[in-house]
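Below is one structure, written out as structure tokens, with a few remarks after it.
Start at 1 with the first residue, then count along the sequence.
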Amino acid sequence: MHPPPPGPLGDCLRDWEELQQDFHGIQETHRLYRLKLEELTKLQNNCTSSITRQKKQLQELALVLKKCKPSLPSEAERAAQELENQIKERQGLFFDMEAYLPKQNGLYLSLVLGNVNVTLLSKQAKFAYKDEYEKFKLYLTIILILISFTCRFLLNSRVTDAAFNFLLVWYYCTLTIRESILINNGSRIKGWWVFHHYVSTFLSGVMLTWPDGLMYQKFRNQFLSFSMYQSFVQFLQYYYQSGCLYRLRALGERHTMDLTVEGFQSWMWRGLTFLLPFLFFGHKFHHQQHGSKKE
């Protein structure tokens, strides 16, 4: 190999040689990565099929145990109950295992995203996504407070109202998608929580498409006042419930993928005093609106 010529060209050639050596190392690392990825895919498929097979066998075993339980002698009932508890415990363990395995998307995610694998493989990635979901709710809640206040007291325009309602539709749609992804990753989100976001998306769409007129103007101020107050209460609830959930996780009583809407115990009443007046007022305000509509 000829020595590099002096000057800037020589420096460039020496840098290129160093880059070539690094590139060969990158190629080898990438080759190993591809091999490990293929091994990971095979392990995922084997683990998924094994879990599916054993879950089916557990269901059959539980069914047989349920049928024979009434005819068992009293001394065998304790052993049957212990076996039943072990079956339930095993099903819970499978739930935690499946949180780290690819799974088929539900109907809603399939319609929105298609058959895309949304399972996050590491515990850190799962917790980071859940934490980002919580921050997304917090930031959007603050934005909704500001925009609803502006529409209620500063601007009375159908255009700004439409922008606010469109933001609500987008916000609730995004929440339903994110929550479906969290469920796929092992989060124990209650069905009623996701369902009420579907309903909120539909109702926000109704407000968005409601033509301007006398009835709209009569309902507008009540709706904006309620939206502003609801967002404010959600803001307070977030900080209260996030503190409770952090304490429960520290005590080992909650899963890392649980949300701020989950978990309530008796000791939490001590910190809830400041929040109760806002909740009661919002409940009363809602019933007053409902009563005025009937009249």
Worksheet item: Within 45° of the six-membered ring axis of Y216 and under 6.0 Å from that ring's centre, is NZ or CZ of R158 located there?
Response: yes
Fill in: Reference residue I87; test side-chain contact (heavy atoms from CB on, under 4.5 Å); the match among Q91, E89, E84
Q91
Worksheet, complete the sentence: Which of I145, I143, T150 passes side-chain contact (heavy atoms from CB on, under 4.5 Å) with I147? It is I143
Practice prompt. Using the salt bridge (charged side-chain N to carboxylate O under 4.0 Å, His left out) rule, take R31 and E28 through it: C-alpha gap first, then chi angles, then the decisive distance, then the call.
Written response: CA-CA 5 Å; R31 185 186 68 81; E28 180 61 21; 2.6 Å; yes
Worksheet entry | Distance-only donor-acceptor check, side chains N115 and N105, under 3.5 Å | no
Worksheet item: Have K137 and Q234 got a donor and an acceptor in their side chains that come within less than 3.5 Å?
Response: no
Worksheet item: Would you say the side chains of Y108 and T176 form a donor-acceptor pair under 3.5 Å?
Response: yes
Worksheet item: So F136 and Y171, would you call those rings parallel, tilted or perpendicular, with 30° and 60° as cut-offs?
Response: tilted
Worksheet item: For the ring pair F202 and Y198, is the centre-to-centre distance below 6.0 Å?
Response: no
Practice prompt. Taking the six-membered ring of Y100 (Phe, Tyr or Trp), confirm whether the NZ or CZ of K123 is under 6.0 Å from its centre and within 45° of its axis.
Written response: no
Worksheet item: Checking side-chain contact (heavy atoms from CB on, under 4.5 Å) for the pair F223/F164: CA distance, chi angles, key distance, verdict?
Response: CA-CA 12 Å; F223 172 71; F164 173 68; 3.9 Å; yes
Discussion item. Whether the Y133 and E179 side chains hold a donor-acceptor pair (N or O, under 3.5 Å, no angle test) is what I'd like checked.
Written reply: yes
Discussion item. Looking at K69, I'd like to know if its NZ atom is crowded, meaning that more than 12 non-hydrogen atoms belonging to other residues, nucleotides or ligands lie closer than 6.0 Å.
Written reply: yes
Fill in: Aromatic plane relationship, H30 with Y33 - under 30° parallel, 30 to 60° tilted, over 60° perpendicular
tilted
Practice prompt. For K55 and F94, indicate whether the former's side chain and the latter's backbone hold a donor-acceptor pair under 3.5 Å.
Written response: no
Discussion item. Under the criterion salt bridge (charged side-chain N to carboxylate O under 4.0 Å, His left out), I'd like the reasoning laid out for D96 against K126: C-alpha separation, chi angles, the key distance, then a yes or no.
Written reply: CA-CA 13 Å; D96 292 335; K126 290 175 185 291; over 6 Å; no
Fill in: R14/E17 ion pair, N-O < 4.0 Å
no
Worksheet item: Got a salt bridge between R178 and E132, using NZ or NE/NH1/NH2 to carboxylate O under 4.0 Å?
Response: yes
